[in-house]
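Note that the coordinates shown come from a computational prediction; the quantities given were computed from them, not determined experimentally. Start at 1 with the first residue, then count along the sequence. Just follow the structure's listing: the first ligand is 1, and inside any ligand the first atom is 1.
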Amino acid sequence: MTDISRRAFTALKMLNDAGFQAYIVGGAVRDSLMNIPAGDIDITTDAFPGQVKRIFAGHRVVETGIKHGTVTVILEDESIEITTYRTESGYTDSRHPDSVQFTASLQEDCARRDFTINAICYNPAGGIMDYYGGREDIQNRRIRCVGDPVQRFTEDALRILRAVRFASVLGFEIESETKKAVFSCAHLLKNISPERIYAELIKLICGINVKQILLEYTEVLAVFMPEIMAAKGFDQKNHHHIYDVLEHTAVAVESTPPIPQLRLAALLHDLGKPHTFTIDENGVGHFYGHGETSWRLACDILRRLKVSNDDFRLITTLVRYHDTPLATTEKSVRRALNKYGETGLKLLLRLKRADNRGQNIRDFDRTAEYDRLEEMIDYVLEKQQCFSLKQLAVNGSDLMASGIPPSPQLGRMLDTLLDMVINGEIENNREKLLAAAEILRNKETGI
Ligand code: ATP
Ligand code: MG
C-alpha cells in the first residue's frame with residue numbers, strides 16, 4: 001500500500017481516534033495492489049456524515065452527497081471522499097436506488113459495490129478486508145460482479161459500461177457470467193444519463209486494451225451509439241485497407257495517444273464510410289466525401305452525449321477534416337494553423353498518423369510525409385510566422401488611426417491583409433500593411 005498518500009492515512013487515523021472504523025476502499029486499494037499509481041481516495045466508515053463533519057471541522061469539508069452519506073474532506077489540497085457504510089435498495093429505474101440505508105457492517109457496504117476488485121478495503125491496523133475474492137480476481141485479471149450480475153446490472157445499468165471500461169483500462173477479461181449479463185442487460189444503458197455514459201466512455205477509449213474491447217463489446221457501445229454497427233464487418237474492397245471499417249477504427253483509436261478528444265475523434269472518424277461506399281468498374285471500393293458524412297454522424301452522437309461546446313467543436317473538426325490533404329509547404333502550414341489553431345493542427349496530424357496505422361501500412365506508409373509536415377509546423381511556429389489576426393502587425397485601432405471608420409469593411413480589410421500575409425504576398429510589416437490597407441480602401445467604395 002506504498003502508493004496511497006499520507007493524507008489518506010491521516011484521515012483514517014482521525015476517524016479511528018474518534019472511535020470509528022474506517023477503511024480505504026475501491027480504486028485506490030485496487031490500483032496499489034496492482035502497483036499502479038492510485039487515483040482519488042475513497043474512505044468508507046461507520047461514522048455518520050454529521051460525525052465525519054465534526055471530526056474534520058478544522059478542514060475544508062464539502063457536502064458532496066450528504067443524503068447518500070458522502071462528505072468530501074480536503075486535506076492539504078487533496079480531496080478525500082468519506083462515505084458512511086451503507087446498503088441500497090429498490091432500484092426501479094436501473095439508475096439509482098430509491099433509498100439508501102446506513103449500516104454498521106463493512107461487509108454489507110462491500111456487497112453494494114460493483115465489482116470484486118472494487119470491494120477490497122484496507123487500513124494499516126486491520127490490513128486487507130476482502131469479502132468477495134477481489135484479490136484473487138486481480139491476480140487472475142478478471143472483472144466479476146459482487147453478487148448476481150443480472151441483478152446488479154438491473155439495479156444500476158451504468159455498471160455494464162463500467163465493467164467494459166475497467167476491462168479496457170486494466171487490460172482484464174470480464175468473467176463469463178458477468179460477461180453474459182453485460183450483453184443480456186446492455187439495453188438497460190438506455191436508462192442512463194448521457195453525462196454518466198460520457199464520463200465512462202472517455203475512460204474506456206483511453207484504456208490500454210481499447211482495440212480488443214471495441215471489437216468485443218461493439219453491441220454494448222451501440223446501445224447509445226447505434227451508428228457504430230454499420231462499420232462492423234464492412235469490407236472496404238480497397239488495397240489501401242487490410243481491415244474492415246470497425247477493425248480499422250479500433251486500430252486507429254489504439255494508435256492515438258490517450259487524449260480523450262483525440263481518441264473520440266478516432267472512434268468517430270470513419271462512421272460515414274458505410275454510407276458513402278461506391279465500387280468502381282475495377283471492383284475497387286471508394287468512400288468519397290466520407291469525412292463530411294462522418295462529421296454529420298459525429299455531430300449527432302456528440303450532441304446526444306451532451307459534450308461541452310469546446311469538445312464538440314474540436315472533435316467534430318478533427319473528424320470532418322481527417323482525410324483532407326495537408327501540403328508540406330510553409331504557406332499551407334500557415335493556412336492550416338489559421339484554420340485549426342496550433343493544438344487542433346497537432347491533434348489532426350496525430351489522427352492522420354493513427355488513420356494510416358490502421359491502413360495497409362506495409363505498402364502505404366505515410367510516416368515520412370507526416371514527419372516532414374510536423375517539422376514544417378514546428379518551423380513555422382518557431383519562426384513565429386504570422387497565421388492569425390493576433391499576430392498581424394496591424395490591428396483595428398491602427399486602421400482606424402489611419403482614417404478608416406469602424407465598420408464591417410474594417411474587419412474584412414484585416415482578414416484580407418492576414419490572407420495576403422499567410423499567402424506570402426506581403427511581409428507582416430506595419431508600414432507595408434498600412435500602405436496595402438490604403439490601396440484596399442481606395443478599391444472599396446464608401447470608406
Ligand atoms: P477510478 O477512480 O480509478 O476510475 P474507482 O474504482 O475508484 O476507479 P469510482 O467511480 O471512483 O471508481 O468509484 C469508487 C468506488 O465506488 C468503486 O471502486 C466502487 O466500489 C464504488 N462504485 C462506484 N460506482 C459504482 C456503481 N455504479 N455501483 C456500485 N458501486 C460503485
Ligand atoms: Mg475513484
Side-chain angles (χ1 to χ4, degrees), residues 3-5 7-8 11 23-45 64-65 68-72 78-91 93-98 100 103 106-122 128-135 137-138 143-172 178 181-182 185 188-189 191-193 195-208 258 260:
D3 218 66
I4 291 177
S5 76
R7 262 90 57 189
Y23 291 85
I24 300 168
V25 66
V29 179
R30 179 196 68 225
D31 291 344
S32 62
L33 284 172
M34 293 179 66
N35 288 319
I36 55 181
D40 40 56
I41 302 284
D42 294 291
I43 286 179
T44 186
T45 179
T64 332
H68 297 106
T70 304
V71 166
T72 303
E78 184 173 3
S79 299
I80 299 179
E81 295 226 319
I82 303 181
T83 304
T84 307
Y85 294 170
R86 63 174 212 223
T87 59
E88 300 169 348
S89 58
Y91 299 82
D93 56 1
S94 298
R95 217 178 7 231
H96 26 55
D98 300 337
V100 307
T103 167
L106 175 63
Q107 181 164 359
E108 278 181 13
D109 180 74
C110 289
R112 61 126 182 135
R113 296 183 180 273
D114 48 7
F115 307 111
T116 60
I117 60 167
N118 289 345
I120 312 172
C121 306
Y122 173 79
I128 295 262
M129 302 297 276
D130 179 15
Y131 298 102
Y132 298 101
R135 264 178 309 183
D137 284 337
I138 290 180
I143 315 282
R144 187 160 56 94
C145 280
V146 174
D148 174 55
V150 170
Q151 184 192 331
R152 303 309 311 281
F153 291 157
T154 310
E155 288 170 359
D156 177 2
L158 188 70
R159 292 171 188 156
I160 297 161
L161 196 55
R162 282 174 64 85
V164 181
R165 183 260 277 198
F166 285 117
S168 176
V169 170
L170 302 172
F172 283 17
T178 301
V182 160
C185 298
L188 296 173
L189 276 168
N191 300 326
I192 300 298
S193 75
E195 292 83 356
R196 290 178 87 204
I197 298 240
Y198 186 65
E200 290 297 331
L201 176 66
I202 289 301
K203 292 181 182 173
L204 185 161
I205 58 175
C206 288
I208 46 165

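- For the Mg ion (ligand 2), the nearest N, O or S atom contributed by Asp40 is named OD1.
- Among all protein heavy atoms, the one lying closest to atom 30 (N) of ligand 1 is Asp114 N, 3.1 Å.
- One option in Arg30, Arg162, Lys203 has a heavy atom closer to atom 17 (C) of ligand 1 than any other, and that option is Arg162.
- Residue contact annotation: Leu158 has no non-hydrogen atom under 4.0 Å from ligand 1.
- With rounding to the nearest 0.5 Å, the separation of CD in Glu200 from CG in Leu158 is 5.0 Å.
- Put simply, CZ on Arg30 and CZ on Arg135 are 16.0 Å apart, with the number rounded to the nearest 0.5 Å.
- The distance from atom CD1 of Ile43 to atom OG1 of Thr70, rounded to the nearest 0.5 Å, is 12.0 Å.
- Within the set Arg196, Arg159, Glu88, the minimum heavy-atom distance to atom 26 (C) of ligand 1 is found for Arg159.
- Using a 4.0 Å cut-off to heavy atoms of Arg165, the atoms of ligand 1 that qualify are 1 (P), 4 (O).
- The protein heavy-atom contact nearest to atom 27 (N) of ligand 1 is Asp156 OD2, 2.9 Å.
- Per-residue contacts place Arg112 under 4.0 angstrom from the following atoms of ligand 1 (heavy atoms of the residue considered): 29 (C), 30 (N).
- Remark: distances from the non-hydrogen atoms of Phe166 to ligand 1 include one below 4.0 Å.
- Considering only heavy atoms from C-beta on, Leu161 stays 4.5 Å or farther from Ile192 through its side chain.
- At a 4.0 Å heavy-atom cut-off, ligand 1 touches Asp40 through the side chain alone.
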Inset, instruction - Check the pair Thr64, Thr72 against side-chain hydrogen bond (donor to acceptor under 3.5 Å, both in side chains), reporting the backbone distance first and the verdict last. - result: CA-CA 6 Å; Thr64 332; Thr72 303; 2.3 Å; yes

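- Atom 21 (C) of ligand 1 has as its closest protein heavy atom Arg113 NH1, 3.6 Å.
- Atoms CZ and CD, on Arg112 and Glu88 in that order, are 5.0 Å from each other to the nearest 0.5 Å.
- The distance from atom CD1 of Ile117 to atom CZ of Phe172, rounded to the nearest 0.5 Å, is 5.5 Å.
- Using a 4.0 Å cut-off between heavy atoms, Asp42 contacts ligand 1 through its side chain alone, with no backbone atom that close.
- Atoms CD1 and OG, from Ile208 and Ser168 in turn, are 8.0 Å apart once rounded to the nearest 0.5 Å.
- Counting the atoms of ligand 1 from 1 in the order shown, those under 4.0 Å from a heavy atom of Gly27 are 5 (P), 6 (O), 7 (O), 18 (O).
- Those atoms of ligand 1 with a heavy atom of Gly26 less than 4.0 angstrom away are 18 (O).
- Arg113 has no carboxylate O lying under 4.0 Å from a charged side-chain N of Asp42, or vice versa, which leaves the two without a salt bridge.
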